[in-house]
Number of protein chains: 2
Amino acid sequence: MTWAIFHKHRPTILYGISLALLLFLLKWLELRFIVINHIFEIYAGAIALLFTGLGIWLALKLTKPKVETVIVEKEVFIDTKEFRFNAQEQARLGLSKRELEVLGLISEGLSNQEIAAQLFVSLNTVKTHSSRLFEKMEVKSRTQAVEKAKRLSLIP
Amino acid sequence: MTWAIFHKHRPTILYGISLALLLFLLKWLELRFIVINHIFEIYAGAIALLFTGLGIWLALKLTKPKVETVIVEKEVFIDTKEFRFNAQEQARLGLSKRELEVLGLISEGLSNQEIAAQLFVSLNTVKTHSSRLFEKMEVKSRTQAVEKAKRLSLIP
DNA sequence: ACTAAAATCACCCGAAAGTATGAGTTAAAT
DNA sequence: ATTTAACTCATACTTTCGGGTGATTTTAGT
């Protein structure tokens, strides 16, 4: 049935097709013409598009991120009253090793007699040590010596 | 003198200047020629530059800024060994106010005589106070008392 | 090897610290 | 009102501390 219709209107259809082709040709030629006439603008447009894209890419890729600084307070418990022997004070006062040793034992509450026993020396020796100690530290008694020694970080 | 030199070599100088101008003109013409011959490339380059800039501008203007959060820890030093009077120990040992007062002055290195003067009492009173103090604290001397009192946080 | 500082010890003496005992006063609790 | 604890003071006595002086021995630095 379709075939029959084709055969019946063959000239008309051919004419139609020919007309359509002609029109298409004309439109194509027109487009070509436009394209040729505006080739520069099109090229420029393409470049513009391309390089706009490039610019955006560059900007996104190469910019440094903004840095936002957040300060968090962290509690650090530090023993500020930790004992650290002050050798400078010892040198300044000119205290000898033995004198310092006696000072330490005095600060522990030992009597001269006990200190003598501890150090395997005579009571008199301990007395002379403590005497020189008091002289050098410019104090008048063992309690003052202990108090000052703690202040000067000579004993804990 | 400079003027004299100019007058003397006037033709030479003029000739030199003319030559220089001619060379400059030729170079300029050559440049013009190059520019005209490459007008399209130059134009394209200009567009490329312009739109790259536009792209960058767009990217920077229209995108949200990147934010990088940096956490900086700030150390806060806290004193852990602060003196806190130990009232419990005082109660446990049964130390009276006056005895504690005497203890404090002893720890400062004062003699019994000085303590007596400070408290407006007699030397004997100070002695009895310190004696009872030593009994209660179970020590035998002022230095021991000071040492123990510090351990028990009765004095700083 | 010589010297200076440190460590050791002894003796004496006065001052301070600490013990023992007793007692008077005051303030707070029952 | 009475009791109790804290504060006060005194006297007598013992022990320890601290100053003064001098001497001997180690140790360390030049």
Side-chain angles (χ1 to χ4, degrees), chain A residues 85-152 154-155, chain B residues 85-152 154-155:
Chain A
F85 177 70
N86 191 342
Q88 270 181 314
E89 273 301 327
Q90 186 203 358
R92 195 178 67 80
L93 299 175
L95 303 183
S96 73
K97 263 186 289 183
R98 208 54 160 171
E99 285 159 357
L100 211 64
E101 210 172 351
V102 170
L103 174 60
L105 295 173
I106 285 177
S107 81
E108 288 176 22
L110 302 191
S111 68
N112 288 341
Q113 190 65 64
E114 290 168 325
I115 293 171
Q118 186 107 17
L119 300 180
F120 300 105
V121 295
S122 79
L123 173 61
N124 288 311
T125 305
V126 175
K127 281 188 171 187
T128 47
H129 282 320
S130 62
S131 261
R132 301 186 75 87
L133 183 66
F134 298 158
E135 267 181 42
K136 290 176 180 177
M137 293 187 72
E138 295 172 315
V139 297
K140 291 202 162 295
S141 70
R142 52 215 294 115
T143 35
Q144 277 180 21
V146 170
E147 190 270 338
K148 192 162 186 176
K150 297 221 174 202
R151 276 206 333 259
L152 301 181
L154 293 171
I155 52 175
Chain B
F85 176 70
N86 191 342
Q88 270 180 315
E89 272 302 326
Q90 186 203 0
R92 195 179 67 81
L93 299 175
L95 303 183
S96 73
K97 261 186 292 181
R98 210 53 161 171
E99 285 158 356
L100 210 64
E101 210 172 352
V102 170
L103 174 60
L105 295 173
I106 284 176
S107 80
E108 288 175 22
L110 301 192
S111 68
N112 287 342
Q113 193 64 259
E114 289 168 326
I115 294 171
Q118 186 108 15
L119 301 180
F120 300 105
V121 295
S122 79
L123 173 60
N124 288 311
T125 305
V126 174
K127 282 188 173 187
T128 49
H129 281 319
S130 62
S131 261
R132 305 187 75 89
L133 182 65
F134 298 159
E135 268 180 43
K136 291 177 180 176
M137 292 187 72
E138 294 173 316
V139 296
K140 291 202 162 293
S141 71
R142 53 216 292 117
T143 37
Q144 276 181 22
V146 170
E147 192 270 338
K148 192 162 185 175
K150 296 220 174 201
R151 277 205 334 257
L152 302 181
L154 292 170
I155 50 175

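Chain letters run A, B, ... following the sequence lines, proteins first, then strands; residues in each count from 1.
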DNA chain C: 5'-proximal contact among A/K97 and B/S141 (nearest heavy atom): A/K97
Interatomic distance where CD belongs to B/Q113 and C1' belongs to D/dC9 [whole Å]: 14 Å
Closest-nucleotide ordering on DNA chain D, the 5'-leading residue of B/S96 and B/K127: B/S96
Spacing between A/K136 atom NZ and D/dG19 atom C1', to the nearest angstrom: 16 Å
Atom-to-atom span, CD1 of B/I106 to P of D/dC17 - whole angstrom: 15 Å
N/O donor-acceptor pair under 3.5 Å between B/K148 side chain and B/M137 backbone: yes
Are there any protein N/O atoms within less than 3.5 Å of an N/O atom in nucleotides 28-30 of chain C, and if so, which ones and at what distance?
none

Distance in angstrom units between B/K140 NZ and C/dA16 C1', rounded: 18 Å
B/R142 side-chain N/O to C/dA17 phosphate OP1/OP2 under 4.0 Å: yes
Nearest-nucleotide pick for A/F134, side chain only, options being D/dT8, D/dG22, D/dG18: D/dG18
Gap between atom OG of A/S131 and atom CG of A/N112 - 0.5 Å precision: 9.0 Å
OP1 or OP2 of D/dA10 under 4.0 Å from side-chain N/O of B/S122: yes
B/L100 and B/L103: CA distance, side-chain angles, deciding distance, side chain to side chain contact (heavy atoms under 4.5 Å, CB included) verdict: CA-CA 5 Å; B/L100 210 64; B/L103 174 60; 4.2 Å; yes
Donor-acceptor contact present, side-chain A/Q90 to main-chain A/L95, <3.5 Å: yes
Spacing of B/E135 atom CD relative to C/dT21 atom C1', expressed in whole Å: 12 Å
Options C/dC11, D/dG19, C/dT19, nucleotide nearest the side-chain atoms of A/N124: C/dC11
Salt-bridge criterion met for B/R98 and B/E101 (N-O under 4.0 Å): yes
salt_bridge(A/R92, A/E89) N-O dist < 4.0 Å: yes
Rounded interatomic separation in angstrom, taking CG from A/L123 and P from C/dT8: 14 Å
N/O donor-acceptor pair under 3.5 Å between A/E147 side chain and B/E108 backbone: no
Whole-Å gap separating P (C/dA7) and CZ (A/R132): 10 Å
Phosphate OP1/OP2 of D/dC17: any A/N112 side-chain N/O under 4.0 Å: yes
Considering all heavy atoms, the nearest B/N86-B/L154 contact: O-CD2, 3.6 Å
Interatomic distance where CD belongs to A/E99 and P belongs to C/dA6 [whole Å]: 7 Å
D/dC9 phosphate, OP1 or OP2, under 4.0 Å from B/T125 side-chain N/O: yes
OP1 or OP2 of D/dC7 under 4.0 Å from side-chain N/O of B/H129: no
Phosphate contact (D/dG18 OP1 or OP2) by A/S131 side-chain N/O below 4.0 Å: no
D/dT16 phosphate, OP1 or OP2, under 4.0 Å from A/S111 side-chain N/O: no
